[in-house]
Amino acid sequence: MESISFPEGFVWGAATAAFQIEGATTADGRTASIWDTFCKTPGAVVGGDTGDPAADHYNRVDEDVQLMVDLGLQAYRFSTAWPRVRPDAGPVNQAGLDFYSRLVDKLLEAGIAPWLTLYHWDLPQTLEDAGGWANRDTAYRFAEYAESVVGALGDRVVNWTTLNEPWCSSLLSYAAGIHAPGRQEPEAAVAAVHHLLLAHGLATAAIREQAPNAKVGITLNMYPIIPADPDDEADLDAARRLDGLQNRIFLDPLFKGEYPADIVADLEPYGFSKHIRENDLEIISAPLDQLGVNYYAEHFVSGHPEPESAAEPAGQVQTNGRRPTGSPWVGAEHVTFPSRGLPRTDMDWEVEPDGLFKVLKRVHEDYPSIPLYVTENGAAYRDSIEDDGSINDHERRDYIDGHLRAAHAAIRAGVDLRGYFAWSLMDNFEWAEGYAKRFGIVHVDYVTQVRTPKMSAMWYSQVARGNALTATVAP
């Protein structure tokens with residue numbers, strides 16, 4: 001059968017995050033993160049779920065690494081937990097570092113490259129009590145944490161990611177209150193944007209100082225912002241505002257050394273520019289070796305109100321009637337999200353693979369050339385377990401297939417895309433959705449902790465081993 005081959009050396013992996021899979025939230029000296037606290041807030045997380053036991057990865061590292069071997073993965077993207085490594089943002093906890101050291105060793109022994117993310121949203125609660133990411137000092141505490149991790153693992157880990165999706169840990173968390181710490185304070189949210197980027201720059205310097213051969217990057221969740229009517233001024237302005245808040249407010253300082261002027265103006269009522277000090281942008285724009293792209297859906301936007309029955313939740317984020325939350329779009333709270341009638345995942349997100357092509361090509365064309373990796377892409381669907389124990393998740397398989405084809409089209413168009421990480425390796429704690437949504441290509445029974453590769457995992461394994469897609473998706 002005709003196949004679509006990827007470039008030689010293309011990296012095939014899967015991704016996870018510490019709080020979503022590890023469990024053991026009080027083991028071996030780990031202290032509370034903002035997510036441990038948030039989970040105790042009534043109505044914050046579906047079902048009142050918490051980070052225990054998650055997928056119990058802390059106690060099942062051997063089994064999970066063997067699972068990756070069985071699937072033929074070449075790389076594993078994971079995050080280290082700040083409150084496990086430096087509990088309460090204090091002195092180093094050797095037991096926490098030892099856990100990640102063992103994980104790295106096991107991966108390397110199995111021939112799997114570790115891709116380490118320093119921050120996937122589990123800020124120590126102690127730092128949140130002092131102001132969290134709205135407090136500039138948190139950026140310097142993050143640099144200390146980065147120094148501790150790279151000092152212990154920099155001799156074996158080559159690929160380093162500073163932050164995962166700072167849009168989520170700033171605007172979604174401090175303006176909308178949908179994610180931990182659950183604050184709805186626009187002024188704090190815009191301060192968090194800058195302080196997260198400053199933390200990235202400081203951590204980048206720390207990594208390079210201790211591990212000069214490291215490849216350093218950051219991961220952004222980027223989405224095309226499509227105006228509902230490209231001839232309507234209100235819709236065009238809505239798209240401009242959201243593109244600025246979702247994409248340019250992170251890309252421009254990282255790669256151009258400046259914030260987009262229009263967004264600075266939009267955010268001036270919230271005191272954004274007062275947080276930017278001399279030399280901050282020089283620190284933030286330190287050269288990077290690679291950029292991680294997380295993609296799930298496009299944003300189709302309008303500057304006009306929609307009938308309540310037709311309007312999307314802000315940013316396509318489900319709240320499911322839980323505790324009241326706000327909008328993450330500071331200064332653009334009026335923007336609406338009309339439905340296009342496209343297929344949707346179990347997260348109620350539209351399925352549009354071409355959006356991944358648009359994102360990759362846009363970064364390639366608008367910003368200095370840099371190697372790109374798709375560091376997250378996947379979909380939640382309701383899995384059905386057959387009588388024989390198999391899980392035939394055709395929708396998830398088709399979703400990944402479609403997005404891989406979009407990625408391949410980007411490569412053909414000249415984009416320097418070098419790898420793809422499926423989200424997620426296994427079912428896990430899906431943040432405010434608790435255990436109600438399953439993104440994994442491997443099923444986890446949360447009672448028995450039995451792992452069962454789904455049909456999508458077996459299919460993805462064949463793709464990774466062959467470095468190619470078949471012309472049509474096998475039944």
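Residue numbers run from 1 in the order of the sequence given.
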| task | Assess whether side-chain hydrogen bond (donor to acceptor under 3.5 Å, both in side chains) is satisfied between T31 and D88, documenting all intermediate values. | result | CA-CA 6 Å; T31 54; D88 295 328; 3.2 Å; yes
| request: Would you please test N164 and N221 for side-chain hydrogen bond (donor to acceptor under 3.5 Å, both in side chains) and show each step? | output: CA-CA 8 Å; N164 180 77; N221 53 325; over 6 Å; no
| query | Where do Y174 and S169 land on the side-chain hydrogen bond (donor to acceptor under 3.5 Å, both in side chains) test, with the steps shown first? | reply | CA-CA 7 Å; Y174 285 84; S169 43; over 6 Å; no
| request: Go through K40 and D36 one step at a time and tell me if the salt bridge (Lys or Arg N to Asp or Glu O under 4.0 Å) criterion holds. | output: CA-CA 7 Å; K40 297 176 183 177; D36 295 285; over 6 Å; no
| query | Run the ring-ring contact (aromatic ring centres under 6.0 Å, His included) check on Y296 and W423 step by step: do they pass? | reply | CA-CA 10 Å; Y296 291 96; W423 183 270; 7.6 Å; no
| request: Start with the C-alpha distance between R84 and E22, add both sets of side-chain angles, then the distance that settles salt bridge (Lys or Arg N to Asp or Glu O under 4.0 Å), and finish with yes or no. | output: CA-CA 11 Å; R84 201 180 291 285; E22 286 181 0; 2.9 Å; yes
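Heavy-atom minimum distance, P114 versus L107: CB-CD1, 3.9 Å. The minimum heavy-atom distance between G217 and L288, with the atom names listed, is CA-CD2, 4.4 Å. Annotation for I411 and F10: closest pair CD1-CE1, 3.9 Å, computed over non-hydrogen atoms. Scanning both residues, A18 and S79, for their nearest heavy atoms gives N-OG, 2.7 Å. Of all non-hydrogen atoms in P83 and P124, the two that sit nearest each other are N-CG, 4.3 Å. Considering every non-hydrogen atom in both D427 and R438, the closest pair reads OD2-NH1, 2.6 Å.
Interatomic distance, CZ of R77 versus OG1 of T117, reported as 4.0 Å (0.5 Å rounding). The CG atom of N377 sits 12.5 Å away from atom CZ of F421, with the distance rounded to the nearest 0.5 Å. Atom CD in E109 sits 6.5 Å away from atom NZ in K106 (nearest 0.5 Å). Atoms CZ and CD1, on F250 and I284 in that order, are 11.0 Å from each other to the nearest 0.5 Å.
For F19 and H120, the ring centers are positioned 6.0 Å apart or more. Aromatic ring centres of F300 and F337 lie farther apart than the 6.0 Å criterion allows.
Between H179 and W431, the two ring planes are tilted [angle within 30° to 60°]. Classification of the Y100-F78 ring pair by plane angle, with boundaries at 30° and 60°, yields parallel.
The existence of a salt bridge linking D266 and R240 is confirmed by a sub-4.0 Å separation between a basic side-chain nitrogen and an acidic carboxylate oxygen. A salt bridge links E128 to R183: one of the charged nitrogens lies within less than 4.0 Å of a carboxylate oxygen. Salt bridge present: R141 and E144 bring a charged side-chain N and a carboxylate O closer than 4.0 Å. At a threshold of 4.0 Å, the pair R102-D98 does not count as salt-bridged, since none of the basic side-chain nitrogens sits closer than that to a carboxylate oxygen. A salt bridge links E298 with K358: the closest approach of a Lys/Arg side-chain nitrogen to an acidic carboxylate oxygen falls below 4.0 angstrom.
No side-chain donor-acceptor contact under 3.5 Å links S101 to the backbone of L97. Side-chain atoms of Q125 do not come within 3.5 Å of backbone N or O of A32 as any donor-acceptor pair. Although no hydrogens or angles enter the test, the distance criterion places no donor-acceptor pair under 3.5 Å between the side chain of T161 and the main chain of L163. Proximity of a side-chain donor or acceptor of R396 to a complementary backbone N or O of G378 within less than 3.5 Å is not detected. Counting only distance, with no hydrogens or angles, the side chain of S424 and the backbone of A15 share a donor-acceptor pair below 3.5 Å. A donor-acceptor pair under 3.5 Å is absent between the side-chain atoms of S148 and the main chain of V92, judged by distance alone. Using modelled atom types, one side-chain atom of Q20 and one backbone atom of F429 make a donor-acceptor pair closer than 3.5 Å. Counting only distance, with no hydrogens or angles, the side chain of H403 and the backbone of Y399 share a donor-acceptor pair below 3.5 Å. Under the 3.5 Å distance criterion, the side-chain polar atoms of S173 are matched with a main-chain donor or acceptor of C168. Checking side-chain atoms of N467 against main-chain N and O of P7 turns up a donor-acceptor pair under 3.5 Å.
Within the 4.5 Å cutoff, the side chain of N93 has no heavy atoms near those of the V85 side chain. The shortest side-chain heavy-atom distance between V363 and L372 falls under the 4.5 Å cut-off. Here the side chains of V149 and Y145 are in contact, with some heavy-atom distance below 4.5 Å. Contact check for I34 versus W121: no side-chain heavy atoms found under the 4.5 Å cut-off.
Checked by atom type, the side-chain pair Y435/N428 shows no donor-acceptor distance below 3.5 Å. With 3.5 Å as the limit, one finds no donor-acceptor pair spanning the side chains of D252 and N247. Donor-acceptor pairing under 3.5 Å is lacking for the side chains of D64 and Y76. Side chains of N159 and Q290: a donor on one and an acceptor on the other come within 3.5 Å. A donor and an acceptor atom, one from each side chain of T41 and R323, are nowhere located under 3.5 Å apart.
Checking each of W329, W349, W167 against H299 for a ring pair (Phe, Tyr, Trp, His ring centres under 6.0 Å) leaves exactly one that passes, namely W329. Exactly one residue among L127, T126, D122 makes a side chain to side chain contact (heavy atoms under 4.5 Å, CB included) with S33. That residue is D122. Each of D243, V359, L356 was compared with P224 under the side chain to side chain contact (heavy atoms under 4.5 Å, CB included) criterion, and only V359 meets it. The only option from Y295, Y420, W115 that meets the ring pair (Phe, Tyr, Trp, His ring centres under 6.0 Å) definition with Y373 turns out to be W115.
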Show which side-chain atoms of residues 189-209 pair as donor or acceptor with protein atoms under 3.5 Å away, not counting sequence neighbours.
residue, atom, partner, partner atom, Å
H194, ND1, Y259, OH, 2.7
H194, NE2, H275, O, 3.3
H194, NE2, D280, OD2, 2.8
H195, ND1, W133, O, 2.9
H195, ND1, A134, O, 3.4
H195, ND1, A191, O, 3.2
H200, ND1, T162, OG1, 2.7
T204, OG1, H200, O, 2.8
R208, NH1, D289, OD2, 3.0
R208, NH2, P287, O, 2.8
R208, NH2, D289, OD2, 3.1

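For the side-chain hydrogen bond (donor to acceptor under 3.5 Å, both in side chains) condition, the pairs that include at least one residue of residues 210-219, sequence neighbours left out, are T219-T375.
Under a cut-off of 6.0 angstrom, the local environment of CZ in R156 is crowded, with over 12 non-hydrogen atoms contributed by other residues, nucleotides or ligands.
Geometrically, R418 does not engage F6 in a cation-pi contact, judged by NZ or CZ lying under 6.0 Å from the ring centre and within 45° of the ring axis.
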